[in-house]
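Below is one structure, written out as C-alpha cells; comments come after it.
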Amino acid sequence: GAGVSQTPSNKVTEKGKYVELRCDPISGHTALYWYRQSLGQGPEFLIYFQGTGAADDSGLPNDRFFAVRPEGSVSTLKIQRTERGDSAVYLCASSSGLAGTDTQYFGPGTRLTVL
Amino acid sequence: AQSVTQLDSQVPVFEEAPVELRCNYSSSVSVYLFWYVQYPNQGLQLLLKYLSGSTLVESINGFEAEFNKSQTSFHLRKPSVHISDTAEYFCAVSEGNFGNEKLTFGTGTRLTIIP
C-alpha cells in the first residue's frame with residue numbers, strides 16, 4: 001500500500017521567504033509527527049498531531065514555525081521568514097495512534113535549502 | 001529529558017565480518033528502544049524495536065539488539081555483514097507514553113561494508 005509521501009522533495013528558497021511543506025500520511029493513521037534532520041545529525045522532533053490537534057509542539061524552534069492538520073489527514077509545516085539555519089531535511093512520520101507501541105512510518109523527506 | 005548517544009559516527013567492516021553498533025541512552029522513566037536504518041537515497045525504516053519482555057530482539061535480515069537496563073544500552077549486532085547492509089543506522093528512544101510516542105534519535109552510525 002501507499003506509504004507516507006512528502007512534497008516537494010526539494011525546495012530552494014531565499015532568506016526571508018515563506019515556505020510550506022506538505023505531508024500525506026498513511027491512510028487511516030491518526031498520529032502524525034514532524035522531525036527535522038540537519039546535516040550529520042539524527043532527526044529532531046518538532047511537533048506531534050493526534051487527529052486534527054497539535055498534542056505536542058514542544059520541538060518547534062521558534063514562532064516562525066507552524067504546522068496544521070485541519071482534517072486530520074494531510075499536514076502542512078509552514079516556515080515564515082526563512083533563515084539559512086532552517087536548511088535541513090524535514091521528515092514526516094505517521095502511526096496508527098492506537099497503542100503506545102505503534103511503529104512510526106517515515107516519508108522520504110523534503111530537503112529545504114535557504115540561500 | 002531523554003537522550004541517545006551513538007559513540008561511532010562511522011564503522012567500516014569487511015564483508016562477512018561481524019559488527020556491533022553501539023547505542024546508549026539516558027532517561028528518567030521506562031523507555032521503548034528502536035533501531036532505524038536509512039539506505040542510500042531512501043527514507044528511514046524501522047529495523048527492530050524493544051518494547052517489553054525478552055531483552056533480545058531480532059530483525060528479519062539477521063540483525064539483533066539486546067536491551068541492557070543496568071548499562072542503559074541497546075547495541076546492534078550482526079554476526080556476518082553483507083554489502084547490502086551499507087546504510088546509516090539510527091538508535092532512538094521514546095518514553096512510551098501512549099498518546100505521544102515522539103522519538104529521540106542519536107546522531108547515527110554510517111556502516112560501510114568493504115568487499
Side-chain angles (χ1 to χ4, degrees), chain A residues 2-7 9-10 21 23-26 29-60 67 88-111, chain B residues 1-10 21-25 27 29-53 57 59-60 67 74 87-110:
Chain A
V4 178
S5 63
Q6 294 185 244
T7 55
S9 56
N10 281 284
L21 312 179
C23 172
D24 278 89
I26 292 172
H29 278 189
T30 61
L32 186 146
Y33 301 79
W34 283 98
Y35 295 85
R36 177 169 72 173
Q37 186 174 15
S38 301
L39 194 62
Q41 302 296 316
E44 293 178 297
F45 169 77
L46 295 176
I47 187 170
Y48 158 65
F49 287 91
Q50 180 59 256
T52 60
D56 182 354
D57 64 358
S58 62
L60 294 178
V89 177
Y90 289 81
L91 299 170
C92 175
S94 72
S95 69
S96 68
L98 297 177
T101 57
D102 286 345
T103 294
Q104 291 184 31
Y105 295 89
F106 282 80
T110 293
R111 182 176 299 278
Chain B
Q2 54 200 17
S3 66
V4 176
T5 301
Q6 291 184 248
L7 297 171
D8 305 301
S9 61
Q10 296 187 60
L21 306 183
R22 295 179 290 172
C23 172
N24 288 87
Y25 70 92
S27 176
V29 299
S30 297
V31 296
Y32 297 150
L33 293 156
F34 307 81
W35 277 99
Y36 277 82
V37 59
Q38 189 168 30
Y39 297 105
N41 301 313
Q42 295 187 29
L44 280 166
Q45 302 173 34
L46 180 68
L47 185 62
L48 48 75
K49 61 183 177 183
Y50 169 78
L51 304 176
S52 64
V57 291
S59 72
I60 59 173
F67 170 55
F74 191 56
E88 187 143 23
Y89 293 79
F90 293 92
C91 182
V93 62
S94 79
E95 291 186 351
N97 295 319
F98 176 46
N100 188 354
E101 291 80 51
K102 63 183 179 184
L103 296 168
T104 299
F105 286 87
T107 52
T109 297
R110 185 171 299 277

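Chain identifiers are assigned alphabetically (A, B, ...) following the order of the sequence lines, protein sequences preceding nucleic acid strands; residue numbering begins at 1 within each chain.
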Heavy-atom pairs under 4.5 Å with chain B are the metric here; pick the option from A:G40, A:P43, A:P108, A:G42 that has the most.
-> A:P43
In terms of heavy-atom proximity below 4.5 Å to chain B, should A:S38 be classed as side chain, backbone, both, or neither?
-> neither
Out of curiosity, B:Y36 OH to A:T103 OG1, how far, rounded to the nearest 0.5 Å?
-> 6.0 Å
For atom OH of A:Y105, decide whether the heavy atoms of other residues, nucleotides or ligands shown that lie under 6.0 angstrom number more than 12.
-> no
Output all residues satisfying side-chain contact (heavy atoms from CB on, under 4.5 Å) with A:T30, sequence neighbours left out; order by chain, then residue number.
-> A:Q50
Per-residue contacts, residues 103-110 of chain B versus chain A, heavy atoms under 4.5 Å = B:L103, B:F105, B:G106, B:T107
At a heavy-atom separation under 4.5 Å, does B:Q42 approach chain A through its side chain, its backbone, both, or neither?
-> neither
Let me know if A:E44 has heavy atoms under 4.5 Å from chain B in its side chain, its backbone, both or neither.
-> neither
Distance (rounded to the nearest 0.5 Å) between A:L46 CG and B:K102 NZ | 11.0 Å
